[in-house]
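All of these numbers come straight from a predicted model, not from anything done at the bench. Numbered from 1 within each chain, the chains take letters A, B, ... in sequence-line order.
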Number of protein chains: 2
Amino acid sequence: MLEFYSGKMSDFQSMFDYFNRFQSLSPASQEAIVNICSSVKIPKNKDLQSIGHTCKTIYFVQNGLARIYYYKDGNDITESFAFENSLIARVESLFTGKPSKKGIQVLEDAEFIGIPSTSLFELYDLHHDIERLFRKIFEAAYVDTVNRIESLQFHSAEERYRSLLLESPSILKRVPLKHISSYLGITQVSLSRIRAQI
Amino acid sequence: MLEFYSGKMSDFQSMFDYFNRFQSLSPASQEAIVNICSSVKIPKNKDLQSIGHTCKTIYFVQNGLARIYYYKDGNDITESFAFENSLIARVESLFTGKPSKKGIQVLEDAEFIGIPSTSLFELYDLHHDIERLFRKIFEAAYVDTVNRIESLQFHSAEERYRSLLLESPSILKRVPLKHISSYLGITQVSLSRIRAQI
DNA sequence: CTGATTTTTTAACATTTGTAAAAGGATTGC
DNA sequence: GCAATCCTTTTACAAATGTTAAAAAATCAG
């Protein structure tokens, strides 16, 4: 049993390192999380979660890269990216229980740890530190989102592009520009013009 | 003591009604919250919280109306509005502990219930249901913010204006258009043009 | 390697939004 | 009530971004 879990724990070490930055967990809580998690490998360009289904799993990106996307008037819009060592979930579905009109697509061959939300929320009753951990994680995500509103509300497209490059210098090498442009709230053509100016 | 708290409870009834929509609270937890809260009355146009200070209080709006604002290149930008029976706080400061570059201004004579965040966070250790309540409140606020990003990312200014009127039909009577325009991410002039077309 | 496909850029033109200034309305304080 | 101030609209012009189409560049599959 020890070996079994120590094996799993080493698979999941990067996730627990990430968790520990928010909230330390008791060994029992860590074990409880390990017991509900599973690994998922998805190749490039495949969907990890498809549009129309209700979000029932939170994923930790072990390596690779994914995006949340949806269609607006037939156009493919990227809502957000998730690089390795971060969480990804369609929260507007996760927290409302309604089907999501968004999907998660893998942009580089990727490995995820899937955390089933129903099981996780049950653990909240048994392990206070797990509820606290995810409270803090989503508070931080909330703050990021508020800051992004500010960016979309009153920064020019060029300012937003420059900021993105500062935040994620590797993004140009890893993500097609068409996804970057919709993430910034502009067209591909417009982004191409901005890049030509710089 | 009973009378004292029942008096306070009736003052705070609207807030607990609001809380109960997210999570029911034990009597002990309700009393604990009442004990840290205080009432604040602020007249129109005054600041409830000023720019530059760290957010240490979450407010419940009992009546009246307020907005979170900041300056970008000397222009006054409205980040959000809070009507009666809702919470308002500068979360990017509340959750990071950093000074906020945003302020809270009262747009109609208003009464607030102030919940000091340090005391509240201490209650999280004593009353699990209080932590759970605020977890759920901020999860819901997070979902609203994600939806607002979608609106800013790919709805036209006219679409955003029409949506706002649907969500808050009374807003035109209660909020100057200059604040509505910056909330929508456009100039006053642009909003005026959109209104002229309709 | 090569043809097919996808991605990115460029061009021309249309539309939206911003900027600055002025005028008209509404509100406020004395 | 009146002057002062603030809010909203209008106008004219400038700048940014969208739309469509086509060409160029990069990537992919066999």
Exactly one of B:E108, B:E111, B:K41 clears side chain to side chain donor-acceptor pair (under 3.5 Å) with B:N63, and that residue is B:E111
- [ ] For residues A:T78 and A:V175, determine if any side-chain heavy atom of one lies less than 4.5 Å from a side-chain heavy atom of the other.
- [x] no
Taken in chain and number order and not counting sequence neighbours, the residues that satisfy ring pair (Phe, Tyr, Trp, His ring centres under 6.0 Å) with A:H128 are B:H128
Here the ring-ring contact (aromatic ring centres under 6.0 Å, His included) pairs for residues 141-186 of chain B, sequence neighbours left out, are B:F81-B:Y183
### Query
Would you find a donor on one side and an acceptor on the other, under 3.5 Å apart, between the side chain of A:Q62 and the backbone of A:D11?
yes
Using 30° and 60° as the class boundaries, would you call the ring planes of B:F134 and B:Y124 parallel, tilted or perpendicular?
tilted
First and last nt of DNA chain C near chain A, cut-off under 4.0 Å to heavy atoms, 5' to 3', are C:dT7 to C:dA12
So salt bridge (charged side-chain N to carboxylate O under 4.0 Å, His left out) across residues 114-127 of chain B, not counting sequence neighbours, yields A:R132-B:D125
Ring pair (Phe, Tyr, Trp, His ring centres under 6.0 Å) filter on A:Y18, not counting sequence neighbours, yields A:F22, A:F60
Are A:F12 and A:L25 linked, directly or through intermediate hydrophobic residues, by side-chain heavy-atom contacts shorter than 4.5 Å (ILVMFWY only)? yes
(request) Evaluate the side-chain proximity of A:D17 to A:R21: yes if any heavy-atom separation is below 4.5 Å, no if none is. (result) no
A:D144 meets the side-chain hydrogen bond (donor to acceptor under 3.5 Å, both in side chains) criterion, sequence neighbours left out, with none
Double-helix bend of the helix from C:dC1-D:dG30 to C:dC30-D:dG1, axes at both ends from 5 pairs, round to 10°, gives 60°
Could you list, one pair per line, each protein nitrogen or oxygen that sits under 3.5 Å from a nitrogen or oxygen of nucleotides 3-7 of chain D, together with the distance?
unit_1, atom_1, unit_2, atom_2, d
D:dC7, OP1, B:K178, NZ, 2.9
D:dC7, OP2, B:K178, NZ, 2.5

Kindly list each side-chain donor-acceptor pair under 3.5 angstrom involving residues 86-97 of chain B, sequence neighbours excluded, with atom names and distances?
unit_1, atom_1, unit_2, atom_2, d
B:S86, OG, B:F83, O, 2.6
B:R90, NH1, B:S50, O, 3.3
B:R90, NH1, B:K102, O, 2.7
B:R90, NH2, B:Q49, OE1, 3.0
B:E92, OE2, B:S100, OG, 2.7
B:S93, OG, B:C55, N, 2.8
B:S93, OG, B:K98, O, 2.5
B:T96, OG1, B:E92, O, 2.6
B:T96, OG1, B:K98, N, 3.2

Original post:
Do the non-hydrogen side-chain atoms of A:L177 and A:Q188 ever get within less than 4.5 Å of each other?
Top reply: no
Contact string for nucleotides 16-30 of chain D, one letter per nucleotide 5' to 3', B = base within protein heavy-atom range under 4.0 Å, S = sugar-phosphate only, - = neither, reads -BBBB-------S--
Residues passing the side-chain hydrogen bond (donor to acceptor under 3.5 Å, both in side chains) test with B:N20, sequence neighbours excluded, are none
Numerically ordered, the residues 63-74 of chain B set in heavy-atom contact under 4.0 Å with DNA chain D is none
(message) Using 30° and 60° as the class boundaries, would you call the ring planes of A:Y71 and A:Y69 parallel, tilted or perpendicular?
(response) perpendicular
